[in-house]
K.L.:
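One structure, pasted below without further comment.
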Amino acid sequence: MASVQELQGIASQVRRDIVRMVHAVQSGHPGGSLGCADYFTALFFHTMKHDTDFSMDGKGEDLFFLSNGHISPVYYSALARSGYFEVKELASFRKINSRLQGHPTTHEHLPGIRIASGSLGQGMSVAIGAALSKKLNNDNHLVFSLHGDGELDEGQNWEAIMFAAHHKVDNLIATVDVNGQQIDGPTKKVMGLDSLREKFEAFHWTVIEMDGNDMDDVVKTFDKAKSLSGQGKPICILMKTEMGKGVDFMEGSHEWHGIAPNDEQLAKALIQLPETLGDY
């Protein structure tokens, strides 16, 4: 199990992977990916009990589902760096016939990908179904999922959130990336979310909060969430992050939701992100 310092080093490399991938093809979504790099690093290198010898059934291991599939660069980097496929394949991101499509897909048979995602609002329902399947199979492992705050504009989420509490899906740890940004601007201007804590608690979930860009807090909060599982309620982590975290000129702006850096911007970004595991 990696230490917090080691995890911080891995997260730096993941961020390098992200900006290099989207730069190479001048497309992709760097902002949210950079903001969630610490989450993915802690999840895949510390928290989840998972098998890189990938099986779609996922029996006897923890599962992860990415709902906001447009942040695929951070997902692909975490999968490759943790051993699901060779790191060099990251160079094929968004290219013709690549397994690393802009939004993850299952027909590409990329190890680690369990659902096609990117049509927002569906991941919660899938994660709940997987968690219920584990209960039916007497499998005591956990299901983790990640969702965007802007994604909660989709009504299907709230139907699923209500369903999960009613059926006591207490082996689910769903995290909401609360970065306050979505493609059209700040969430408070596009569709105000008010208090997400009060909303989830009203739906009878256990709610905890964390600083998603503080690796020590991410690790501790994941450990706390795991300790709260099995107590009759699904668990929601409200994760505060900064869109574009790690690259100063990208931080805090929705404009980097889906724009790739040019050559000069890439060079500036890489100066800020130490190479710790070797570039692909």
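Please read these numbers as outputs of a predicted model, since none were measured by experiment.
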K.L.:
Apply side chain to side chain contact (heavy atoms under 4.5 Å, CB included) to Leu270 and Val19, showing your working.
P.N.:
CA-CA 8 Å; Leu270 293 177; Val19 295; 3.7 Å; yes

K.L.:
Looking at Lys88 and Asp279, does any basic side-chain N land under 4.0 Å from a carboxylate oxygen?
P.N.:
no

K.L.:
Report yes if some heavy atom in the side chain of Leu120 is under 4.5 Å from a heavy atom in the side chain of Asp153; otherwise report no.
P.N.:
no

K.L.:
In the structure I gave you, are the side-chain heavy atoms of Arg16 and Glu275 within less than 4.5 Å of one another anywhere?
P.N.:
yes

K.L.:
Could you report the tightest heavy-atom contact between Ile128 and Ala164, atom names first, then the distance?
P.N.:
CD1-CB, 3.6 Å

K.L.:
Nearest 0.5 Å please: distance from the CG atom of Asn68 over to the SG atom of Cys36.
P.N.:
6.5 Å

K.L.:
Mind checking whether Phe144 and Phe222 have parallel, tilted or perpendicular rings, split at 30° and 60°?
P.N.:
perpendicular

K.L.:
Taking the side chain from Lys95 and the backbone from Ala91, do they hold a donor-acceptor pair closer than 3.5 Å?
P.N.:
yes

K.L.:
Treating Gln13 as the side-chain partner and Leu277 as the backbone partner, does any N or O pair qualify as donor plus acceptor under 3.5 Å?
P.N.:
yes

K.L.:
Mind running ring-ring contact (aromatic ring centres under 6.0 Å, His included) on His50 and Phe44 for me, showing each step along the way?
P.N.:
CA-CA 8 Å; His50 59 110; Phe44 278 87; 5.3 Å; yes

K.L.:
Testing Asn171, Val169, Val143, Asn137 for side-chain contact (heavy atoms from CB on, under 4.5 Å) with Leu132, which one passes?
P.N.:
Val169

K.L.:
If the condition is ring pair (Phe, Tyr, Trp, His ring centres under 6.0 Å), which residues does His46 pass it with, not counting sequence neighbours?
P.N.:
none

K.L.:
Name the orientation class of the two ring planes belonging to Tyr39 and Phe64 (parallel below 30°, tilted from 30 to 60°, perpendicular beyond 60°).
P.N.:
tilted

K.L.:
Do other residues, nucleotides or ligands put more than 12 heavy atoms under 6.0 Å from the NZ atom of Lys226?
P.N.:
yes

K.L.:
Which heavy-atom pair separates Ala42 from Met215 by the least distance, and what is that distance?
P.N.:
CB-SD, 4.0 Å

K.L.:
Which heavy atom in Val14 sits nearest to a heavy atom in Ala37, and how many Å separate them?
P.N.:
CG1-CB, 4.1 Å

K.L.:
Just by modelled atom types, is the Asn213 backbone N or O under 3.5 Å from a matching donor or acceptor in the Asp211 side chain?
P.N.:
yes

K.L.:
Can you see whether Thr241 engages Asp177 through a side-chain donor-acceptor pair at a distance of less than 3.5 angstrom?
P.N.:
yes

K.L.:
Let me confirm one number: the CH2-NZ distance from Trp205 to Lys199, rounded to the nearest 0.5 Å.
P.N.:
15.0 Å

K.L.:
Taking 4.0 angstrom as the limit, do Glu209 and Arg197 come out as a salt bridge?
P.N.:
yes

K.L.:
Using only atom types and a distance under 3.5 Å, with no angle test, would you say the side chain of Asp38 pairs donor to acceptor with the backbone of Asp214?
P.N.:
no

K.L.:
Kindly work out whether a path of hydrophobic side-chain contacts (I/L/V/M/F/W/Y, heavy atoms less than 4.5 Å apart) joins Leu228 to Leu146.
P.N.:
yes

K.L.:
Can you check whether Glu89's main-chain N or O pairs, donor with acceptor, with Ser92's side chain at less than 3.5 Å?
P.N.:
yes

K.L.:
Just checking, any donor-acceptor pair under 3.5 angstrom between side chains of Gln101 and Ser72?
P.N.:
no

K.L.:
Regarding Arg20 and the six-membered ring of Tyr280, is the cationic atom NZ or CZ under 6.0 Å from the ring centre and inside 45° of its axis?
P.N.:
yes

K.L.:
Hey, do the aromatic rings of Trp158 and Phe200 have their centres closer than 6.0 Å?
P.N.:
yes

K.L.:
Assess whether atom NZ of Lys168 is packed by more than 12 heavy atoms of other residues, nucleotides or ligands within 6.0 Å.
P.N.:
no

K.L.:
Are side-chain heavy atoms of Pro73 and Phe93 found at a separation under 4.5 Å?
P.N.:
yes

K.L.:
Just so I know, are the side chains of Tyr84 and Asp51 near enough to count as touching, which here means a heavy-atom distance under 4.5 Å?
P.N.:
no

K.L.:
Side-chain heavy atoms under 4.5 angstrom apart, residues restricted to Ile, Leu, Val, Met, Phe, Trp, Tyr: same cluster for Tyr76 and Phe65?
P.N.:
no

K.L.:
Would you say that more than 12 heavy atoms from the other residues, nucleotides or ligands in this model lie under 6.0 Å from the NZ of Lys135, or not?
P.N.:
yes

K.L.:
Should Met250 and Pro261 count as side-chain neighbours, where that means a heavy-atom distance under 4.5 Å?
P.N.:
yes

K.L.:
Do Phe54 and Phe85 have ring centres separated by under 6.0 Å?
P.N.:
no

K.L.:
Could you walk me through whether Val176 and Cys236 pass the side chain to side chain contact (heavy atoms under 4.5 Å, CB included) test, one step at a time?
P.N.:
CA-CA 7 Å; Val176 179; Cys236 171; 4.3 Å; yes

K.L.:
Under 6.0 Å between ring centres, would you say that holds for Phe45 and Phe40?
P.N.:
no

K.L.:
Taking Ile18 as the starting point, is it possible to reach Ile71 by hopping between hydrophobic residues whose side chains are less than 4.5 Å apart?
P.N.:
yes

K.L.:
Show your working on side chain to side chain contact (heavy atoms under 4.5 Å, CB included) between Ile235 and Val207 and close with a plain yes or no.
P.N.:
CA-CA 6 Å; Ile235 298 161; Val207 182; over 6 Å; no

K.L.:
What verdict does the side chain to side chain contact (heavy atoms under 4.5 Å, CB included) test give for Val218 and Met210, after you've listed the backbone C-alpha separation in whole Å, the side-chain angles of each residue and the deciding distance to 0.1 Å?
P.N.:
CA-CA 6 Å; Val218 174; Met210 76 179 180; 4.1 Å; yes

K.L.:
Counting N and O atoms only, with roles assigned by atom type, does the side chain of Arg15 sit under 3.5 Å from a partner on the main chain of Val247, one being a donor and the other an acceptor?
P.N.:
no

K.L.:
In the structure I gave you, are the side-chain heavy atoms of Leu63 and Arg114 within less than 4.5 Å of one another anywhere?
P.N.:
yes

K.L.:
Strictly by side-chain hydrogen bond (donor to acceptor under 3.5 Å, both in side chains), give each pair with a member in residues 243-255 just once, sequence neighbours left out.
P.N.:
Asp248-Gln272

K.L.:
Whether the Gln26 and Asn262 side chains hold a donor-acceptor pair (N or O, under 3.5 Å, no angle test) is what I'd like checked.
P.N.:
no

K.L.:
Using a 4.5 Å cut-off on heavy atoms from C-beta on, say whether the side chain of Val178 contacts that of Met239.
P.N.:
no

K.L.:
Is it the case that more than 12 heavy atoms not belonging to Gln231 sit under 6.0 Å from its CD atom?
P.N.:
yes

K.L.:
Tell me if the aromatic rings of His257 and His70 count as close, with their centers under 6.0 Å from one another.
P.N.:
yes

K.L.:
Where the side chain of Trp256 meets the backbone of Met243, is there a donor-acceptor pair that is under 3.5 Å apart?
P.N.:
no

K.L.:
Distance alone, cut at 3.5 Å: any donor-acceptor contact between the side chains of His147 and Ser145?
P.N.:
yes

K.L.:
Quick one about Gln122 and Ser67 (side-chain donor to acceptor, distance below 3.5 Å, no hydrogens or angles considered), yes or no?
P.N.:
no

K.L.:
Looking only at atom types and distance, does a side-chain atom of Glu151 sit under 3.5 Å from a main-chain N or O of Gly121, one as donor and one as acceptor?
P.N.:
yes

K.L.:
Can you confirm whether Ser77 sits close enough to Met21 that some side-chain heavy atom of one is under 4.5 Å from a side-chain heavy atom of the other?
P.N.:
yes

K.L.:
If Ile, Leu, Val, Met, Phe, Trp and Tyr residues are connected whenever their side-chain heavy atoms lie under 4.5 Å apart, and connections chain through other members, are Leu43 and Val126 in the same group?
P.N.:
no

K.L.:
Do Glu6 side-chain atoms and Ser3 backbone N/O form a donor-acceptor pair below 3.5 Å?
P.N.:
yes

K.L.:
Restricting to non-hydrogen atoms, name the atom on Ile208 and the atom on Ala225 that form the minimum distance, rounded to 0.1 Å.
P.N.:
CD1-CB, 3.8 Å

K.L.:
Say whether, by atom type as modelled, one donor and one acceptor occur between the side chain of Thr41 and the main chain of Leu7 under 3.5 angstrom.
P.N.:
no

K.L.:
If you draw a 6.0 Å radius around NE2 in His141, do more than 12 non-hydrogen atoms from other residues or ligands fall strictly inside?
P.N.:
yes

K.L.:
Are Leu152 and Leu172 in one and the same hydrophobic cluster, where Ile, Leu, Val, Met, Phe, Trp and Tyr link if side-chain heavy atoms are under 4.5 Å apart?
P.N.:
yes

